[in-house]
Structure formats: structure tokens, C-alpha cells
Amino acid sequence: MHSESQYYIMFGPDICGFGNNRLQVILYHHGKYHENNKTLKCRINKDTHLYTLIIRPNATYEVKIDNEKVTTGALEDDWDFLPPRKIKDPYARKPRKWDDRLQIEDPEDKKPEDWEDSEFIPDPEAKKPDDWNEEIDGVWEGPLIPNVKYKVKSGSIFDNFLLTNDEEFAEEVGNKTWGLRKDVEQQWRELYEEMEKKKEEEETKRKREREWARQEDIWGLDEEDEEDNEEDSEKEPDEKSKLEDSASLGKKEARFDQKDEL
């Protein structure tokens, strides 16, 4: 299958692109594809969800998410299969200031302060080598590391498709597959996120300690020199006094020897 493959039913979450969140229910009828007139939203989070579309023989339908009813109605009411009950007035004229755009950018919307657009960022601890020559080696560019604040998601994974004409059986299968896994999956996800958060906090703490150690190395040398100078200055008078004492002792010994000779 590819993007041009013909289909009769398109059903499932559509989260392609920024700000797009829609549960698509498209039906093929008389050579045309018809979208559901209702705006259905899908669930956006990191958990697995169960989507169910029921089309009944009496031309009604029902959509469920996680085995809970989201919407229901008649096919002819929510899809434009039949000619419209009302037609446009042929004498109506579009106002001059009419805007055909369905959606516009919110002028008051602002990007979050902690939002990051880059998946990789320069390593803040990397330094240009001392022997780097831009004329020979070119402009130095530091290595890149993964950006922990990067928020763009990779996409969705679809599996476990079931086509059946038994509504109760479909709900039972959903409860025995997705229903048994959802709580355990949520617990594992929360545990993983907690571990990643602790890992990030520990890494931040280690970087802070390394920075403190670097600062202590920079400023600690002068303090050690001053302490050494103070110790030397304290030792000098002691050594001088010791020398004086030894000198005076030598003189006494010399006098004593002289007396012995006399």
C-alpha cells in the first residue's frame, strides 16, 4: 500500500504536523471520499489507546476510544453522501472583507521559554584545542550532544487490527489485549520517566560539582600560596631564634673549653 492506494474506510488518529489532532473517519461512497462532518479529537499522550469504529446495518455508526463511546449518529447526517438539503443562493454575493481562511495563527500565542527546536546542541564543556589554526583547519565547530529538552515526537505505532461483525466480541478482545496491558504500561512509563528525571538531576548535580571544583581550583591556588607564605613567615622567627640559641650555646661551650685549658 502507498499514499495513492484506494480504500473504503480510513479510521484512526491523525497527529501529523504541529497542532494537528484529529480522529479521522473517512468513508468511500460512489467514487468519492467523504470526511465526517464532526470534529473528533484523539488522545494525545504517551500511553497506548484502543480505537473502535462500529458501522451498523441500520446506517448508524459509533466511535469509541478505550472502549468508551465518543460519538454516535446516522451516516447520512454526518457524511455528505446525499445531495445537500439546502443549496447556495445563486444571487448571494461574497462580502468584500470576507476571509476564506478556516484557521489563522493566534497573535497572542508565544513559544514556551523552555522550548527547544534542536535535537542536538553543542557540548558546553567542549573547548577549542590550543593548536587549532582556523586558516588551515577551518572554523572550529564543537561536538554535538543530545538535547534533553527537545520536544518533537517521533510518531505513532499502530498494531492489533480487528475486523468483525460482532460488537460484543470486539469489546471483549479489546479488554483482553489492550485492557490487560494499559495499567502495567502506564506504571512502566511513569517509572521510566521518573528514572530519566533522576538521571537528569544527577547529571546536573555532577556538572555543578565539576564547576564548583573548577572554581575552587582556580581560586584555591592563591589561598594555598598565601597559607604557605604565612607558614613560612611563622617559621622564620622560630628558626632565627633556634639559630641564635645554638650560637650562644656554642659561645658558652667555647668559654668552658678555655677555662679548662687555663
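Predicted, not measured: the structure shown is a model, and the values here were computed from it.
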Would you check if the side chain of Glu185 reaches a backbone N or O of Thr48 as a donor-acceptor pair within less than 3.5 Å?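 Flag set: sc Glu185 to bb Thr48 pair under 3.5 Å.
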Working to the nearest 0.5 Å, report the span between [atom1] of [X] and [atom2] of [Y].
{"X": "Gln187", "Y": "Lys182", "atom1": "CD", "atom2": "NZ", "value": "10.5 Å"}
{"X": "Lys41", "Y": "Arg22", "atom1": "NZ", "atom2": "CZ", "value": "8.5 Å"}
{"X": "Tyr51", "Y": "Leu40", "atom1": "OH", "atom2": "CG", "value": "11.0 Å"}
{"X": "His30", "Y": "Leu82", "atom1": "NE2", "atom2": "CG", "value": "9.5 Å"}

Hey, is [atom1] on [X] packed in by over 12 heavy atoms from elsewhere, all under 6.0 Å?
{"X": "Glu201", "atom1": "CD", "answer": "yes"}
{"X": "Asp130", "atom1": "CG", "answer": "no"}
{"X": "Phe81", "atom1": "CZ", "answer": "yes"}
{"X": "Ile87", "atom1": "CD1", "answer": "no"}

Under 4.0 Å between a Lys/Arg side-chain N and an Asp/Glu carboxylate O for [X] and [Y]?
{"X": "Glu209", "Y": "Arg206", "value": "no"}
{"X": "Glu203", "Y": "Lys199", "value": "no"}
{"X": "Glu171", "Y": "Lys64", "value": "yes"}
{"X": "Asp80", "Y": "Lys32", "value": "no"}
{"X": "Glu211", "Y": "Arg208", "value": "no"}
{"X": "Arg189", "Y": "Asp47", "value": "yes"}
{"X": "Lys198", "Y": "Glu202", "value": "no"}

Shortest non-hydrogen contact from [X] toward [Y]:
{"X": "Thr164", "Y": "Asp166", "answer": "OG1-N, 3.2 Å"}
{"X": "Phe11", "Y": "Val25", "answer": "CD1-CG2, 3.7 Å"}
{"X": "Ile145", "Y": "Pro124", "answer": "CD1-CD, 3.9 Å"}

Considering residues at least two apart in sequence or located in another chain, which fulfil the salt bridge (charged side-chain N to carboxylate O under 4.0 Å, His left out) criterion with [X]?
{"X": "Lys38", "value": "Asp78"}
{"X": "Arg101", "value": "Asp99"}
{"X": "Lys128", "value": "Glu134"}

Name all residues meeting the ring-ring contact (aromatic ring centres under 6.0 Å, His included) criterion together with [X]; count only those two or more places apart in sequence or in a different chain, and write none if there are none.
{"X": "Tyr61", "answer": "Trp79"}
{"X": "Tyr28", "answer": "Tyr8, Tyr33"}
{"X": "His49", "answer": "none"}

Is [Y] close to [X] at the side-chain level, that is, under 4.5 Å between some pair of heavy atoms?
{"X": "Asp14", "Y": "Cys42", "value": "no"}
{"X": "Ile65", "Y": "Leu50", "value": "no"}
{"X": "Thr52", "Y": "Asn67", "value": "yes"}
{"X": "Asn36", "Y": "Ile26", "value": "no"}
{"X": "Lys197", "Y": "Glu200", "value": "no"}
{"X": "Lys207", "Y": "Glu125", "value": "yes"}

Which other residues belong to the hydrophobic cluster containing [X], where Ile, Leu, Val, Met, Phe, Trp and Tyr are joined when side-chain heavy atoms lie under 4.5 Å apart, directly or via other members?
{"X": "Val173", "result": "Leu162, Phe169"}
{"X": "Trp132", "result": "Trp140"}
{"X": "Phe161", "result": "Phe158"}
{"X": "Trp98", "result": "none"}

Check for me, please, whether Ile54 and Val70 land in the same ILVMFWY cluster - side-chain distances under 4.5 Å, paths through other members count.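 No, Ile54 and Val70 fall in different hydrophobic clusters.
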For the hydrophobic clusters of this structure (ILVMFWY residues joined by side-chain heavy atoms under 4.5 Å, transitively), does one cluster hold both Leu191 and Val184?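 Cluster IDs for Leu191 and Val184 match.
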Do Asn58 and Thr60 have side-chain N/O donor and acceptor atoms under 3.5 Å apart?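 Side chains of Asn58 and Thr60: pair found under 3.5 Å.
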Please list, chain by chain and in numerical order, all residues satisfying side-chain hydrogen bond (donor to acceptor under 3.5 Å, both in side chains) with Arg43, sequence neighbours excluded.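 Arg43 satisfies side-chain hydrogen bond (donor to acceptor under 3.5 Å, both in side chains) with Asp66 only.
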Run the side chain to side chain contact (heavy atoms under 4.5 Å, CB included) check on Leu23 and Val63 step by step: do they pass? CA-CA 10 Å; Leu23 179 58; Val63 175; 3.6 Å; yes
Suppose the criterion is salt bridge (charged side-chain N to carboxylate O under 4.0 Å, His left out): which pairs have a residue in residues 53-63, not counting sequence neighbours?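 As it turns out, the salt bridge (charged side-chain N to carboxylate O under 4.0 Å, His left out) pairs with a partner in residues 53-63, which skip direct neighbours, are Arg56-Glu62, Arg56-Glu167.
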